[in-house]
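Each remark here refers to the structure printed beneath this line.
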Amino acid sequence: MKRLLLIISLILPSFTVFSQGINYNTGETSTKNYYQEIPYESINGKMIVEVKVAGKNCRFLFDTGAPTSISKELALTSGSKNLQMGLISDANGLKDSVLVVLTKSIQIGDLDFNNITAIALIPEFMKCWNLSGIIGSNLLRNSIVRIDAAKKIITLTDQADRLNLSKKHSTPLALNNNQSDPGIIVDLGRRVSGTRL
C-alpha cells in the first residue's frame, strides 16, 4: 500500500491546469486529406520546429501537453486579436494572469492553422533557444500525430490508414475538454485509477 501511495504522489504533482473559463479548442486547418512530415531539431530532449506566423519564420517548441502559446511580441506584430485575461496555474500550484489571444495563422510546413486560441506567454528559459512560441495540444486536436525520434520527423495527418497503426498496440487517450491535452488512463488495480496527463 505504501508503494502504491508513493507512485500516486509522484504522478499527481506533474499535472498542469490552465485557465478554467477559456476554451482553447478553436480554429483548424482548412486542408483536408493531409499528410505533412515536419523535421524537428532536438535540444535537451525538446522538439523545436520551424513555423510561419504572419509570414515571419519562427522557431516553436512542439509540446502536445501544453496549450498553443506565442510571445507577447509576436502576438502584437502578427495581428493577433486580444480575447481576455486568463488565469494559469502550474504543476506546483503557482498562479499568474496571462493574455489570451486569437492567432490569425500559424503555418507548419504546408498546413495553415487559422484562428487558434493561444496564450501570449513564453517562459524565460525558452528565449535562450530563440523560441517564439509553442505548438500545443489545442492546435493539434484534429490531427493524428506521429513522432519518429530516429529520423527526427513529426507527421501530422488526418489519414490514419497512411500510418499503418496497430490496434493491438494502442491505448485510448483521454482528452481534456478545455485544451485537448492528451492523457492515458492509468489503472493500478481494483482500488486506484486515474488519468495521467
Side-chain angles (χ1 to χ4, degrees), residues 14 16 18 24-80 88 90 98-160 162-165 173 175-176 178-184 197:
S14 64
T16 301
F18 288 87
Y24 290 91
N25 294 327
T26 63
E28 61 186 347
T29 182
S30 58
T31 306
K32 302 296 179 211
N33 300 316
Y34 59 89
Y35 182 92
Q36 182 74 54
E37 292 185 345
I38 300 124
Y40 71 86
E41 176 186 358
S42 180
I43 300 178
N44 295 335
K46 306 295 185 194
M47 295 180 289
I48 312 300
V49 295
E50 297 288 330
V51 304
K52 283 189 179 182
V53 178
K56 178 182 176 185
N57 291 329
C58 302
R59 291 165 47 88
F60 274 42
L61 176 70
F62 189 89
D63 186 347
T64 61
T68 300
S69 305
I70 63 174
S71 68
K72 291 177 184 177
E73 299 79 16
L74 189 56
L76 285 172
T77 59
S78 66
S80 295
I88 59 171
D90 69 10
V98 65
L99 178 62
V100 180
V101 298
L102 190 67
T103 60
K104 289 183 179 180
S105 168
I106 298 175
Q107 187 176 345
I108 309 170
D110 295 329
L111 298 175
D112 194 10
F113 293 86
N114 301 305
N115 300 313
I116 302 295
T117 301
I119 59 173
L121 173 73
I122 295 298
E124 285 298 316
F125 78 90
M126 290 174 58
K127 293 180 180 176
C128 68
W129 294 338
N130 195 28
L131 299 178
S132 301
I134 299 171
I135 297 299
S137 58
N138 57 314
L139 182 144
L140 301 167
R141 72 189 186 283
N142 294 320
S143 296
I144 301 165
V145 179
R146 179 176 64 188
I147 299 169
D148 186 331
K151 295 180 181 177
K152 291 192 171 62
I153 297 286
I154 299 166
T155 302
L156 301 180
T157 185
D158 60 356
Q159 302 175 64
R162 292 191 63 180
L163 296 179
N164 299 320
L165 301 174
L173 291 178
L175 298 179
N176 175 300
N178 198 28
Q179 75 183 48
S180 294
D181 51 326
I184 58 170
L197 300 175

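Any value given below was found using the heavy atoms of this structure, including those in side chains, with hydrogens, waters and symmetry copies removed. The model shown is predicted, which means the values in this text are computed figures rather than measured ones.
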Is it true that a side-chain atom of Asp158 and a backbone atom of Tyr34 form a donor plus acceptor pair closer than 3.5 Å? yes
Going through the checks in order, is the side-chain contact (heavy atoms from CB on, under 4.5 Å) test met by Val145 and Phe62? CA-CA 11 Å; Val145 179; Phe62 189 89; 3.9 Å; yes
Sub-4.5 Å side-chain heavy-atom contact between Thr103 and Ile70: yes
If every non-hydrogen atom of Lys104 is compared with every non-hydrogen atom of Gly79, which pair is closest and at what distance? CE-O, 3.3 Å
Look only at the side chain of Glu37 and the backbone of Ile154, and say whether a donor-acceptor pair between them is shorter than 3.5 Å. no
Roughly how far, to the nearest 0.5 Å, is CG of Asn130 from CD1 of Ile48? 10.0 Å
Quick one: CD1 on Ile106 to CG on Leu74, what's the gap to the nearest 0.5 Å? 8.0 Å
Expected output: side-chain Gln107 to main-chain Gly109 donor-acceptor under 3.5 Å: yes
Atom pair CG (Leu163) and CD1 (Ile144), whose distance is rounded to the nearest 0.5 Å: 6.0 Å
Compare every heavy atom of Ala149 with every heavy atom of Tyr40, then report the nearest pair and how far apart it is. OH-CA, 3.3 Å
Donor-acceptor contact present, side-chain Arg59 to main-chain Val49, <3.5 Å: no
Can any side-chain N or O of Asp63 pair as donor or acceptor with the backbone N or O of Gly136 at less than 3.5 Å? no
Taking all heavy atoms of Phe60 and all of Ser132, pick out the closest pair and write down the distance. CE1-C, 3.8 Å
Taking only residues two or more places apart in sequence, or in another chain, which ones meet Glu73 in a salt bridge (charged side-chain N to carboxylate O under 4.0 Å, His left out)? none
Sequence neighbours left out, what passes side-chain contact (heavy atoms from CB on, under 4.5 Å) with Gln159? Give chain and number order. Asn33, Tyr35, Thr157, Asp161, Arg162
Could you walk me through whether Trp129 and Asn44 pass the side-chain contact (heavy atoms from CB on, under 4.5 Å) test, one step at a time? CA-CA 11 Å; Trp129 294 338; Asn44 295 335; 3.7 Å; yes
Leu61 vs Met47, side-chain contact (heavy atoms from CB on, under 4.5 Å): CA-CA, chis, key distance, verdict: CA-CA 6 Å; Leu61 176 70; Met47 295 180 289; 5.6 Å; no
Please step through side-chain contact (heavy atoms from CB on, under 4.5 Å) for the pair Lys52 and Cys58, ending with a clear verdict. CA-CA 6 Å; Lys52 283 189 179 182; Cys58 302; over 6 Å; no
What are the two closest non-hydrogen atoms of Gln36 and Leu111, and how far apart are they? CB-CD1, 3.8 Å
Straight-line distance of Ile38 CD1 to Ile108 CD1, nearest 0.5 Å: 6.0 Å
Specify the closest pair of heavy atoms between Ile134 and Ala66, including all atoms of both residues, with the distance to one decimal. CG2-CB, 4.2 Å
Output the distance between atom OG (Ser80) and atom CG (Leu99), rounded to the nearest 0.5 Å. 9.0 Å
Considering only distance and modelled atom types, tabulate donor-acceptor pairs under 3.5 Å from the side chains of residues 115-128, sequence neighbours left out.
unit_1 : atom_1 : unit_2 : atom_2 : d
Thr117 : OG1    : Thr26  : OG1    : 2.5
Glu124 : OE2    : Lys127 : NZ     : 3.2

Which atom names give the shortest non-hydrogen contact between Ser78 and Ala75, and what distance separates them? OG-O, 3.6 Å
Tell me if a side-chain donor or acceptor on Asp148 pairs with a main-chain N or O of Ile153 at a distance below 3.5 Å. no
